Amino acid sequence: MLVLTVIQGPDKGKTLELPDGQPQLLGRSSEALPIGDRAVSRRHAELTPDDGKWWLGDLSSQNGTFVNGVRIEGRVRLVPGDQIRVGSSVLVFGTRDSGPDLVRLMRPDQLDATVERVIPSSDDSVLLAEAGAGWAVEHLRVLQQLASLLSSRVMDRKELLSAVLGLVFEQFRPERGFVMAVQPDQAWSAEVVRYRTPPKGQEEAKIHVSRTILQHAITRGEGVLSQNAMSDQRFAGHDSVQRLAIRSAMCSPIRFRERTYGAIYVDGSMAAPGFTGGQLALLNTIGLHTGMALANLDLRGRQLHSERLAAMGETVASLSHAIKNILQGLRGGADVVELGLKKDDVTIAKGGWSILKRNIDRIVALTLNMLTYSRQRSIEPEVTRLGGLLADCTQLLQGVCEARQVALIIDVDPELPPMLMDPTLMHQALMNLLTNALEAVEAKKGVVTVRVAYHPAGGSGRLEGWSGPTAEVLVIDNGPGIPLDRQAWIFEPFNTTKGGRGTGLGLAVATRIVEEHKGRVSVESAPGKGATFRVILPADTSAKFDPSETAASKPQAGEGPRIFH
C-alpha cells in the first residue's frame, strides 16, 4: 500500500495510508488525512488516484503546496520518493518499505560492473571539451534551473536532496535513482530514493548497486559511468535487476572543497539509450552545486545556533536586570512592612504593603508577557465586543489611575459591531498598551485617551491584505514623547525607554498579538508632544452575534466617552 510518511513537522514519524482507488483530502478538517500542523489549511490539497497513478492538486491553500521544493500549479503526478511540503510539514510519498534499506551494496564477486569512464568532479574543462552549441545551451538551461532551485528558498537537507534528484530525473530520464549520504561516522545511507515507474512489490523496489561504483565516486571524488552494469548470474530468474535489464549507470560525488557529502546514483534499462560522457559531466556539475548548497545549509545552521546562543544571552541579561529591579522593590517593601510591625505602626506597614503589591503586579505582568511571547499559540477567535474588553481593562487600571491621579478617557464608536478575535489575547494586548501609556505620563498631570473608531469597507482605516471593514484603536498620551531614533526599535523585545521601570516586553507582546489577528501597530510621536499608538484590526463580522455570549454591553448611542480618574 502507498503511504505518506511525515518526516518533518508536528506529526513527524506518522504514516498516512492511501487506500487504492480512493481520493484523499490533505488538511485539518475532519474528513481529511489527519494533520496537526496549524500552518496547514483545513482543505489544503487533494490526492487523486487515476489508473494506478496518484496526482496531487492544491486546493487554493493559503501557504501553497510544494513538491520537491517547487510550488505546484494545477495537478502534478507523484512518484515514490517525492517530498510534499504543506505548511511546515514535509511528507514522503512511497511504499511502507521505502527508505535506506531499499539500496543494497554488492561486492565485486556478487555483482559485476565495469567502469567505462571516470571524470574528476572538480574539472570544469570537461564540460567545454565535449560541448557543442546545442549541448552547451541545453546544459546551461539545466544549470540555471538548478541554481534557481537551490537559491529560491531555504530548504532542509532532505527536501533539498529530493528536489535535486527530481531535477536529475527530469533531465536524464533514468529508471531508478537515489542519493547516498556519508554520515559523520563514515557510514553510508540512502537518504532519498526515487523511481521512474512505481515498483510492483517489495522485491522490485530493492536497488542492487555495485559497491565498486559508489566507493570509487565517494572516495576518489570522480564521476563514474558504467555501461554493462548488473550482469551477475546470481540475479537470474525472477530477480528485479534482470527484469528491469539495467544497462547503464552513472554515479557522481556530492562534494564541496575537501568534504564529500555523498553521491548521486542513477541507472537506466536496455530499452533506453545508454548514458554518455557529457551527461556524466553534467551530473558531476550538479553534484558540485548540491555540495555547495549542503555546505551553505551547514553554515546557516552554525550561524543560527550562534545567533540563538547570543539571543539567549541577551534575553537572560535583560530578564535578570528586570527581575533584579523587581526583587529590590520587593525587598524594600518587605523591610518597610517589617519596620512597621516592629514599631506596631500600621501606617508604616501599609506604606510597605503598597510597595510590595506594586512589585508583585510587575512580576505577574512580566511572567504573563514572557509566556505569551515565548509560547506558540494559535488564536481562538470568538465573537467579542472591543468596547467590553476596554471597559474591563479600565476597571483593572482604575487603582493605578487613582494612585497617580491621572485621567483615563475611553471613547468607543457606538457603531462598532462585535468582532471575531481571541478575547484573552486581545485583552492582554490592550492592557499592555494602556499600561505603557499610563506609565509614560506625569503624575497629577497625565491624560490617556483611548478612541475606537469603526471604518466600513473602503473607508479611511486601510489594512494591507484586507478589503473589509476595520476597527481603529488610538491610545494617546500627553507624556514626554519618543525620540525619532528610538521609534524604530520600541516594538522589539527587551527594548524600553523607561529604564529600570520597564521590561521591554509589553509592546513586543502587544504587537505579536495584533499581528496574529492580521492587524498592525504603529506609533506617532515627537519629543515633548506625547505619543499616539495606532492599532488597526480587521472588523470581521461574518459570524452571527449572540448577545448572551459577551460579558460587556454595547455603549448606547450618544452615551459619550467614559472618564476614569
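All values reported here derive from a predicted model rather than from experimental measurement. Numbering starts at 1 and runs along the sequence shown.
Within a 6.0 Å radius of NZ in K14, more than 12 heavy atoms belonging to other residues, nucleotides or ligands are found. Counting non-hydrogen atoms of neighbouring residues, nucleotides and ligands closer than 6.0 angstrom, the CZ atom of R71 exceeds 12 such neighbours.
Closest heavy-atom contact between M426 and I513: N-CG2, 4.1 Å. Nearest approach of L18 to L4, heavy atoms of both residues: CD1-CG, 4.2 Å. Nearest approach of L160 to A293, heavy atoms of both residues: CD1-CB, 3.7 Å. L225 approaches T276 most closely through the heavy-atom pair CD2-C, 4.0 Å. Scanning both residues, P198 and R77, for their nearest heavy atoms gives CD-NH2, 3.9 Å. In terms of heavy atoms, M250 sits closest to Q279 at SD-C, 3.8 Å.
At least one donor-acceptor pair closer than 3.5 Å links the side chain of N63 to the backbone N or O of A39. A donor-acceptor distance shorter than 3.5 angstrom exists from the side chain of T219 to the backbone of Q215, with no hydrogens or angles considered. Counting only distance, with no hydrogens or angles, the side chain of N68 and the backbone of Q83 share a donor-acceptor pair below 3.5 Å. Side-chain atoms of H289 do not come within 3.5 Å of backbone N or O of N284 as any donor-acceptor pair. R43 places no side-chain N or O within donor-acceptor distance of the main-chain N or O of G27, the cut-off being under 3.5 Å. No donor-acceptor distance shorter than 3.5 angstrom exists from the side chain of R85 to the backbone of G69, with no hydrogens or angles considered. H517 contributes a side-chain N or O that, together with a main-chain N or O of D422, makes up a donor-acceptor pair within less than 3.5 Å. Remark: the backbone N or O of F275 is paired with a side-chain donor or acceptor of S248 at under 3.5 angstrom.
Using a 4.5 Å heavy-atom threshold, the side chains of V164 and V179 count as separate. By the 4.5 Å heavy-atom criterion applied to side chains, P80 and V193 are not counted as neighbours. The closest side-chain heavy-atom distance from D58 to H44 is below 4.5 Å. Looking only at side-chain heavy atoms (C-beta outward), D37 and V86 stay at 4.5 Å or farther from each other.
Remark: Y261 OH to E191 CD distance equals 12.5 Å, nearest 0.5 Å. If you take CG on L47 and CZ on F93, they are separated by 7.5 Å, rounding to the nearest 0.5 Å. In this structure, the separation between CG on L59 and OG1 on T65 is 7.5 Å, given to the nearest 0.5 Å. For the atom pair CG of L25 and CD1 of I35, the computed distance is 10.5 Å after rounding to the nearest 0.5 Å. A distance of 12.0 Å separates CZ of R257 from CZ of R255, quoted to the nearest 0.5 Å. Separating the CZ atom in F256 from the CG atom in L288 is a distance of 10.0 Å, to the nearest 0.5 Å.
Aromatic ring orientation, Y265 versus F178: parallel (interplanar angle below 30°, classes split at 30° and 60°).
Looking at D82 and R194, a side-chain N of the basic residue comes within less than 4.0 Å of a carboxylate O on the acidic one, giving a salt bridge.
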Does the pair V90 and K158 meet the rule for a side-chain contact (heavy atoms from CB on, under 4.5 Å), with working shown? CA-CA 9 Å; V90 178; K158 281 208 169 186; over 6 Å; no
Is there a side-chain contact (heavy atoms from CB on, under 4.5 Å) between L91 and D11 once you walk through the steps? CA-CA 10 Å; L91 306 91; D11 302 309; over 6 Å; no
Before you tell me yes or no, could you show the steps for L507 and V521 under side-chain contact (heavy atoms from CB on, under 4.5 Å), namely the whole-Å CA-CA distance, both residues' side-chain angles and the distance that decides it to 0.1 Å? CA-CA 9 Å; L507 290 178; V521 183; over 6 Å; no
